[in-house]
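Comments concern the structure below.
It should be emphasised that the depicted structure is a prediction, and the values quoted were computed from it without experimental measurement.
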Amino acid sequence: MFIQEIIMVKVRFAPSPTGFLHLGSARTALFNWLYARHTGGKFLLRIEDTDKARSSKKFLDEILEDLKWMGIDWDDEPLHQSQRFEVYREKAEQILAKEKAYKEGEAIIFKVEKGRTIEVNDIIHGKIAVNTNDIKDQVMIKSDGSPTYNFACVVDDAYMEITHILRGDDHISNTPKQILFYEALELTPPKFGHMPLILGQDGAKLSKRHGGVSVEEYKREGFLPEALANYLILLGWFPGEDHEVLSMDEAVKLFDISDMSDVQAKFDIQKLRWLNGEYIMKKTTEKLLPLIKEQLLTAGFDMSGVTDDYISKLVDLYKIRIKTLRELGELADWFFKDDFTMDEEGKRKYLDKEENKDNIRIFVDRLDGLEDFSHENIEKICRDIAEERELKAADIIHPTRLAISGKTKGAGLFEVMELLGKEKVIKRMRGVDK
RNA sequence: GCCCCUGUCGUCUAGCCUGGUCUAGGACACCGCCCUUUCAAGGCGGCGACACGGGUUCAAAUCCCGUCGGGGGCGCCA
């Protein structure tokens, strides 16, 4: 056994509560969490709230909630940097005492020794070498008494006994600076791994245009946490050709940090949508029910008098046809309101023809006398009429679908007729003549 | 400007370390066909890539150099 394998892995996620949880941060958290859970180590949280003006409890609560939503749990209590200002100062004073730093006003600044090469053996990128000539002297404690990011980061990672730092590529240039601090504090640096950033599909920075940047936005849009997490994981680690759709449990089992990609990936909303559709399809209607209800409510539908049983049947009918939870409301709005919009092209094609209206008339008259409004019975009537009039069943089906839903697409006609109910079906079919 | 990371289908990637098994495999998207009551789902098929230029070698997607492209960083922000 190698020594590294018997020391417990400790990783951390260090959000700054100055905004919502960004997709990129969520991915970073996810990989750290995966690594900890895979190795049986610890996943710790550190709140980087040194900027008092910009940090807020509200953001922190949101971030923690989003993490939980994604299925990420953490060990121990989160460490708050705002409560450790004395520690940072003390450590900076130690370095100052060794004459490796100087004061400028109230600030304590670290002297960077020139002409050295700092080598980092990055877990993801391999060797990275930087010359200290390219690094300016580094502020440790600012004039206002607060620590700088790089300094607090080192003090805390050492204090928390972090063994591996997995973070975004944008921190590569921070790493040699931090290593200098580890040296000055006579500490052994942890292992570093820098994962490439996520880009929008046009190669630019991920932004609103690409579908949103915050976890919250995807949640609202009707993405399932397991789909989002699965997709984010795929953006940086390939679990194998047969494992693209994988649960967090499987990911924990299969995850191998040495297989992480060193190439920046573009965020592809299409693939996320596909994955989400896969998860929706496979999820039980029972589990989908509360989520769908919430979406319908937010969409503003009148849900009074609508039973869970009714929604469940709707979900059964539509869950293989939607890519996001929100889409059910768009596809099935006509179940909740009578003033649904009519597809213009479909209307021209199916409802503006007299023979089609005739068929609907005959169909509705027979439905009127139907006692048991089951889809089997409805279908029987429809097919009988088609046979009698020497038509294809489709000639009756399409105009009828349009009459009751305003749409040219959707779940099987007879099933949706049964669910919508005799009264509304008949009213809408008769409405065609007006 | 300087420093760092990076470059296989439109996108995510397998392969690269340990050259030949690669006329480069899979997934999403797209297109076509089948199924069918439309849309999905499902099945089958198609389109489609080693950034470019030099080396090294009997042989390079794989190794080396250069060019070009993409990204990040250079704060008393985090």
Closest listed nucleotide, where the reference is the side chain of [X] and the choices are [options]:
X         : options                : answer
Arg321(A) : A41(B), U11(B), U38(B) : U38(B)
Glu278(A) : G42(B), A40(B), A78(B) : G42(B)
Glu241(A) : G73(B), G26(B), C77(B) : G26(B)
Leu199(A) : C3(B), G71(B), C76(B)  : G71(B)
Val130(A) : U6(B), A78(B), C3(B)   : C3(B)

Requested in this report: Examine the base of A27(B) for any acceptor or donor lying under 3.5 Å from a partner atom in the side chain of Lys271(A), and report the outcome as yes or no.
Outcome: yes
Just call it for [X]: base, sugar-phosphate, or nothing, with non-hydrogen atoms closer than 4.0 Å on any strand.
X         : answer
Ala393(A) : nothing
Gly19(A)  : nothing
Ser16(A)  : sugar-phosphate
Phe267(A) : nothing
Asn131(A) : nothing

Is the phosphate of C77(B) approached by Lys142(A) (side-chain N or O, under 4.0 Å from OP1 or OP2)?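 Yes, such a contact exists.
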* Asked: Under the salt bridge (Lys or Arg N to Asp or Glu O under 4.0 Å) criterion, do Lys271(A) and Asp268(A) qualify, and how do the steps go?
  -> CA-CA 6 Å; Lys271(A) 190 148 185 175; Asp268(A) 181 14; over 6 Å; no
task: Might you point out which heavy atoms bring Leu187(A) and Ala158(A) nearest each other, and give the distance in Å?
output: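 Closest pair (atom of Leu187(A), atom of Ala158(A), distance): CD1-CB, 3.5 Å.
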Looking at Asp333(A) and Lys407(A), does any basic side-chain N land under 4.0 Å from a carboxylate oxygen?
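Yes, charged N to carboxylate O under 4.0 Å.
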Run the salt-bridge test on Arg383(A) and Glu387(A) with the 4.0 Å N-O cut-off and return the result as yes or no.
-> no
